[in-house]
Amino acid sequence: MHKKAEWPRRLRSQEWYGGTSRDVIYHRGWMKNQGYPHDLFDGRPVIGILNTWSDMTPCNGHLRELAEKVKAGVWEAGGFPMEVPVFSASENTFRPTAMMYRNLAALAIEETIRGQPMDGCVLLVGCDKTTPSLIMAAASVDLPSIVVTGGPMLNGYFRGDRVGSGTHLWKFSEMVKAGEMTQEEFLEAEASMSRSSGTCNTMGTASTMASMAEALGMALSGNAAIPGVDSRRKVMAQLTGRRIVQMVKDDLKPSDIMTKDAFENAIRTNAAIGGSTNAVIHLLAMAGRVGIDLSLDDWDRCGRDVPTIVNLMPSGKYLMEEFFYAGGLPVVIKRLGEAGLLHKDALTVSGETIWDEVKDVVNWNEDVILPTEKALTQSGGIVVVRGNLAPKGAVLKPSAASPHLLSHRGRAVVFEDIDDYKAKINDEALDIDETCIMVMKNCGPKGYPGMAEVGNMGLPPKVLKKGITDMVRISDARMSGTAYGTVVLHTSPEAAVGGPLAVVRNGDMIELDVPNRRLHLDISDEELAQRLAAWQPQHDLPTSGYAFLHQQHVEGADTGADLDFLKGCRGNAVGKDSH
């Protein structure tokens, strides 16, 4: 259990604001041009509200309003709140992919915290990359920090049926290609997909990462599922503002909370909610920032025997609004505890253990949060497969896959990159049927670059018109958490660095054996070695800017795709005065 620091004591912000020296007057005097009274600089906790609001991050478009509630809570608790706009990596707008900029955001925000007079931080996040990037940054600096998310959108409806953001985008797109939906109907459906402020209303990556923050203990209990426009979201923001002030007084830091036990709790929670495969890459990166030894093996070990009990799209039928009304993530965490699958004494930002927070909660809808015997799948989690095609591992989400394809051998139909896929997939002459395995290369961290969410390749129209809705797909890319299908992702080493995926050829036979965690290219070891020896990189390398830095330093998906020089850099929060 964390030992609380003595209070009162001199805080970090007093290096800027405390005293009468020329340098202190320089810092403090300029702040007073905003009308702050002198006594606000008396040593009380200065709280940085790191706000990822942006007009170009629609999921976070309402965060300025929430920031005001956080400020109210900080003032109430005797702190001094300062709102700071920070890098907002939007999945909706960034090209080639927001994932390329997750590490840049983490680096920029880390230095924002380290270089300014903050004693504690509120991480105001929403869109899926903003959550891990801010947690990575806060973990590196290791000042008291707490997450509050913007919450999911309200349910979408189209002609009386629920519409899940993202999930139905993929579904309707395939229906158009299959001739089951007109383009005009697709455009009509568009208006129903995003009908309120907030993040994706499915168990996509944004909702998954909100759940991961709560399961790690980095957010107050109940934070993950409150809809973005629900008044209780504002209450959560205000309570979070109050809590961060006490966390500073107690010196309760990310390193006290983000332990190996906490990460194992998060992995099991991800299995129970049917969470996104993107959680793998983000938690690996976050663990690296606090020096926790977390690996793909931990994902397979901890998630393998956890049933998926949250009946939400893309794995199930409901949306985040119903999940909140049913009791939200605390009910899921309580179920894990009752099943002996929870480290109950893991500490949270509340100062209490995770079990103390959830032990008395009630499930109000057992069709949304299912009994174990009615689980969507009894063995949920993220499956990690290995073999000569993925020596360092690849991942698959069984709760979103077709059971009959989890053991499958098929002929490879190869796309050299995303452009090759787009050029060929709608061609009626493409030699492909539903028994084939679609393979796409050069979409990993270095290859795309940035590892875009293109792994859930749409099926060819000639297959869709047969009524087929799923095929085995393999790539080194990622997949949106809102997507579904029997999709093998994050294949490592990636093709762009000469991994075995790079030398797969049309007509090769590939075997996927999920029960035995195997992914095998059916050629001899000798032929594989010969192909790899003859391989040459195919893509152009960037020569300047962040793209160059990313290309030179990004690590593989199997370790979190962080920049290699940012791991293990925790602490050193007090900067030197240059004046």
Side-chain angles (χ1 to χ4, degrees), residues 56-57 87-110 127-130 132-133 136-137 205 276-278 280-282 284-286 288 390 392-395 414-423 439-457 473-481 483 487-504 535-567:
M56 286 195 176
T57 307
F87 195 119
S88 185
S90 169
E91 189 61 60
N92 316 96
T93 53
F94 262 104
R95 290 186 176 184
T97 167
M99 181 61 190
M100 183 169 172
Y101 300 99
R102 182 202 67 180
N103 297 336
L104 178 61
L107 176 60
I109 296 162
E110 174 184 338
C127 191
D128 52 4
K129 305 305 178 298
T130 61
S133 64
M136 289 161 67
T205 307
S276 168
T277 50
N278 285 314
V280 178
I281 207 164
H282 295 321
L284 290 173
M286 288 153 57
K392 292 187 177 181
V395 303
V414 177
F415 306 98
E416 292 299 324
D417 54 29
I418 186 63
D419 293 324
D420 188 37
Y421 163 79
K422 289 179 178 179
V439 176
M440 184 163 59
K441 308 174 183 179
N442 295 305
C443 292
K446 290 182 183 286
Y448 193 88
M451 200 179 182
E453 292 183 336
V454 294
N456 57 315
M457 295 169 268
R473 288 156 275 178
I474 301 171
S475 74
D476 47 13
R478 295 180 302 114
M479 177 174 80
S480 170
V487 186
V488 179
L489 303 153
H490 308 186
T491 304
S492 299
E494 63 174 296
V497 300
L501 188 71
V503 297
V504 178
W535 174 82
Q536 294 292 328
Q538 302 295 314
H539 62 291
D540 295 331
L541 298 178
T543 58
S544 64
Y546 174 67
F548 173 79
L549 181 70
H550 180 274
Q551 181 75 28
Q552 294 296 311
H553 294 283
V554 71
E555 295 187 323
D558 59 300
T559 59
D562 202 354
L563 300 179
D564 53 20
F565 60 84
L566 292 177
K567 285 189 171 183

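- Not counting sequence neighbours, the partners of Tyr421 by the ring pair (Phe, Tyr, Trp, His ring centres under 6.0 Å) test are Phe415.
- Here the side chains of Val454 and Thr97 are not in contact, with every heavy-atom distance at 4.5 Å or above.
- The distance from atom CZ of Arg478 to atom OG1 of Thr277, rounded to the nearest 0.5 Å, is 8.5 Å.
- The two residues Thr491 and Ser475 make their nearest non-hydrogen contact at OG1-O, 2.8 Å.
- Under a 3.5 Å cut-off, the side chain of Asp476 and the backbone N or O of Ala495 do form a donor-acceptor pair.
- Across Gly481 and Ser276, no two heavy atoms sit closer than the pair CA-OG, 3.4 Å.
- Applying the side-chain hydrogen bond (donor to acceptor under 3.5 Å, both in side chains) rule to Glu494 yields no partners; only residues at least two apart in sequence or on another chain are considered.
- Proximity of a side-chain donor or acceptor of Ser88 to a complementary backbone N or O of Thr57 within less than 3.5 Å is not detected.
- A pairwise comparison of heavy atoms in Ala89 and Lys129 identifies O-CB, 3.8 Å as the closest pair.
- In this structure, Pro96 and Tyr101 have side chains that are in contact, with non-hydrogen atoms separated by less than 4.5 Å.
- In terms of heavy-atom proximity, Ala561 sits nearest to Val554 at O-CG2, 3.4 Å.
- Residue pairs meeting the salt bridge (charged side-chain N to carboxylate O under 4.0 Å, His left out) criterion with at least one partner in residues 439-448, sequence neighbours excluded, are Glu416-Lys441.
- Between atom NE2 of residue His490 and atom CE of residue Met451 there is a gap of 4.0 Å, rounded to the nearest 0.5 Å.
- Distance check, rounded to the nearest 0.5 Å: CE of Met440 to CG of Asn456 gives 8.5 Å.
- Note that CE of Met100 and CD of Gln551 are 8.0 Å apart. Values are rounded to the nearest 0.5 Å.
- Taking the six-membered ring for Trp and thresholds of 30 and 60 degrees, His553 and Phe565 have ring planes more than 60 degrees apart, a perpendicular arrangement.
- Heavy atoms only, all atoms of each residue included: Glu453 and Asn278 are closest at OE2-ND2, 3.1 Å.
- Looking at every heavy atom in both residues, Asn92 comes nearest to Cys127 through OD1-SG, 3.9 Å.
- Proximity of Val395 to Leu489: side-chain heavy atoms (C-beta onward) are separated by under 4.5 Å at one or more points.
- Atom-to-atom distance recorded for Ser133:OG and Met286:CE is 10.0 Å, nearest 0.5 angstrom.
- Rounded to the nearest 0.5 angstrom, Glu91 CD and Met99 CE are separated by 10.0 Å.
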